[in-house]
Amino acid sequence: MTIAARVGIIGGNGWLGNALASSAVTKGVIDPARLVLSSRSGTRGAIDIPGATWTRDNGELARQSDVILLSVRPEQYPAVVIDASGKLVVSLMAAIPAAIIAKRTGAERIVRSMPNAAMSIGKSFTPWFAAAAVTPEDKRLVQTLFECCGDGDEVPEERHIDYCSGLCGSGAAFPGLLAQAMIEQAVAQGLPLSFARRAAKSVLIDASQLLAEHEDPAPVVQAMIDYRGTTAAALQTMIDCGFKTAVGAGLDAAAKKAAAMAAGLTGQLR
Ligand SMILES: NC(=O)C1=CN([C@@H]2O[C@H](COP(=O)(O)OP(=O)(O)OC[C@H]3O[C@@H](n4cnc5c(N)ncnc54)[C@H](OP(=O)(O)O)[C@@H]3O)[C@@H](O)[C@H]2O)C=CC1
Ligand SMILES: O=C(O)[C@@H]1CCC=N1
């Protein structure tokens with residue numbers, strides 16, 4: 001699908017906004033002549049998108065766009081004042097509820113999404129929630145857009161997006177934490193740092209592809225436990241030490257942080 005609508009991205013020079021814009025143009029999904037990007041400072045280190053229009057004026061961007069993506073940080077959103085009445089607004093922002101976006105923009109067709117940092121390498125799985133007024137055609141557009149940078153899927157309730165702040169948005173950082181823990185342990189055992197880094201990254205980037213062959217990771221883990229060897233000992237000990245509890249607490253913490261960020265901004269978002 002190519003997107004015929006005019007698309008505007010507020011925060012188009014940022015990590016996610018710029019990744020989405022450049023992937024959509026590179027894949028031929030958006031014609032750069034129908035793309036407007038805004039920021040306060042200009043392109044500033046962003047990937048150049050020949051043919052796209054840059055502006056510092058979000059009002060102008062809104063006037064020139066049928067679909068408006070909000071890709072500023074939550075704390076920057078109070079300064080973004082636009083009239084998007086009758087338009088589709090797609091938020092990439094953590095924390096900010098759809099009702100607040102609707103009230104501030106005048107739009108009824110609101111989508112909230114939760115990408116992750118891997119959008120910059122075309123590998124973000126991006127869940128999205130659509131408010132009641134969003135049309136089936138809007139939904140196809142949103143899914144097409146997110147497929148430019150990986151994949152996506154609709155979630156039935158808005159609260160799932162806040163939960164996905166941890167599962168999907170923050171989740172991209174979890175393998176790094178596991179790698180770091182493995183490296184620190186290996187170095188403590190006297191292995192050279194460069195060796196430990198190669199070993200941990202190989203496990204997390206290459207060996208993890210074992211999962212790609214299975215829809216459900218549970219049989220992969222179970223097969224290792226059933227083998228009753230060193231891997232089973234490692235896995236069971238990690239589980240007994242609270243691995244699953246720690247993961248659950250981390251996911252809950254991300255969702256709670258999203259709620260706290262939203263509550264902290266309430267006064268500024270009237
Ligand atoms: N990065 C991530 O891993 C994830 C981020 N998100 C969400 O995505 C959103 C974007 O994040 P990310 O791309 O990382 O953020 P960045 O800080 O990289 O990008 C935000 C951009 O917005 C621009 N900006 C700020 N204020 C305005 C304004 N008033 N008008 C126009 N542009 C403005 C900034 O540029 P300038 O200073 O030049 O104006 C900046 O480059 C956030 O809300 C975040 O919660 C969600 C999931 C994962
Ligand atoms: O860390 C953050 O706040 C952003 C939003 C969700 C994931 N990353």
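Along the sequence shown, the residues carry numbers beginning at 1. For ligands, and for the atoms within them, numbers begin at 1 and follow the listed sequence. In this text, all values refer to a predicted model and were calculated from it rather than measured experimentally.
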Q: Over all heavy atoms of both residues, which pair between Ala94 and Pro74 is shortest? Give the atoms and the distance, please.
A: O-CG, 3.4 Å
**Q.** Asp151 side chain reached by Gln143 side chain, heavy atoms, under 4.5 Å
**A.** yes
Q) What protein heavy atom sits nearest atom 1 (O) of ligand 2, and how far away is it? A) Ser170 OG, 5.0 Å
Q) In the single-linkage hydrophobic clustering (I, L, V, M, F, W, Y; side-chain heavy atoms under 4.5 Å), do Trp128 and Leu70 co-cluster? A) no
Q. Where is the nearest protein heavy atom to atom 14 (O) of ligand 1: which residue, which atom, and how far?
A. Trp15 CB, 3.6 Å
Q.
Distance under 4.0 Å to a non-hydrogen atom of Ala94: what atoms of ligand 1 satisfy this?
A. 43 (O), 45 (O)
Q | Protein heavy-atom partner closest to atom 7 (C) of ligand 1 - residue, atom, separation in Å | A | Leu92 O, 3.1 Å
Q) Quick one: nearest non-hydrogen protein atom to atom 17 (O) of ligand 1, plus distance? A) Arg73 NE, 2.7 Å
Q: Report yes or no: do Thr135 and Asp138 form a side-chain donor-acceptor pair below 3.5 Å?
A: yes
Q. Considering only heavy atoms of Gly169, which atoms of ligand 2 have at least one such atom less than 4.0 Å away?
A. 7 (C)
Q) Is the closest side-chain donor-acceptor distance between Asn13 and Thr43 under 3.5 Å? A) no
**Q.** Heavy-atom check, side chain of Thr105 versus side chain of Ile82, under 4.5 Å
**A.** yes
Q | Partner of Leu69 by side chain to side chain contact (heavy atoms under 4.5 Å, CB included), out of Ile10, Val7, Val142, Leu37 | A | Val7
**Q.** Close-contact set for ligand 1 against Met114 heavy atoms, below 4.0 Å
**A.** 46 (C), 47 (C)
Q) Among all protein non-hydrogen atoms, which one is nearest to atom 10 (C) of ligand 1, and what is the separation to 0.1 Å? A) Ser71 O, 3.4 Å
Q. Nearest protein heavy-atom contact for atom 40 (C) of ligand 1: which residue, which atom, what distance?
A. Asn13 OD1, 3.5 Å
(Q) As an exercise, identify every atom of ligand 1 less than 4.0 angstrom from a heavy atom of Asn58. (A) 28 (C), 29 (N), 30 (N), 31 (C)
(Q) For atom 3 (O) of ligand 2, what's the nearest protein heavy-atom neighbour? Residue, atom name and distance, please. (A) Met261 CE, 4.8 Å
Q. Can you name the nearest heavy-atom pair linking Gly166 to Leu251, along with the distance?
A. C-CD2, 3.5 Å
Q | Steps toward salt bridge (charged side-chain N to carboxylate O under 4.0 Å, His left out) verdict (Glu60, Arg63) | A | CA-CA 5 Å; Glu60 185 56 31; Arg63 281 187 289 281; 3.2 Å; yes
Q. Which atoms of ligand 1 have any heavy atom of Pro74 under 4.0 Å away?
A. 42 (C), 43 (O), 45 (O)
Q. Would Asp83 and Ser85 count as having a side-chain donor-acceptor pair, cut-off 3.5 Å?
A. yes
Q.
Do Leu269 and Arg104 have side chains that approach each other closer than 4.5 Å (heavy atoms only, starting at C-beta)?
A. yes
Q: With heavy atoms of Ala117 as the reference, note each atom of ligand 1 found under 4.0 Å away.
A: 3 (O)
Q: State whether any protein heavy atom lies less than 4.0 Å from atom 5 (C) of ligand 2.
A: yes
Q) Which residue supplies the protein heavy atom nearest to atom 19 (O) of ligand 1, what is that atom called, and how far is it? A) Gly14 CA, 3.2 Å
Q | Flag side-chain contact, heavy atom, 4.5 Å: Asn116 against Lys123 | A | no
Q: Number the atoms of ligand 1 from 1 as they appear, then name those within less than 4.0 Å of a heavy atom of Met93, with their elements.
A: 43 (O)
(Q) Please report whether ligand 1 has a polar contact with Gly17, defined as an N or O pair separated by less than 3.5 Å (distance criterion only). (A) no
Q | Interfacing atoms of ligand 2 (cut-off 4.0 Å, heavy-atom, Ala94) | A | 5 (C)
(Q) Show the atoms of ligand 1 that are less than 4.0 angstrom away from any heavy atom in Arg44. (A) 35 (O), 36 (P), 37 (O), 38 (O), 41 (O)
Q. Among Val80, Asn116, Val72, whose heavy atom sits nearest atom 33 (C) of ligand 1?
A. Val72
Q: Provide, to 0.1 Å, the distance between atom 37 (O) of ligand 1 and the closest protein heavy atom, together with that atom's residue and name.
A: Arg40 NH2, 2.9 Å
Q: Quick one: look up the protein heavy atom nearest atom 32 (N) of ligand 1 and list residue, atom name and how far away it is.
A: Ser39 CA, 3.2 Å
Q. Is the backbone N or O of Ala4 less than 3.5 Å from a side-chain atom of Arg34, with the two atoms forming a donor-acceptor pair by type?
A. yes
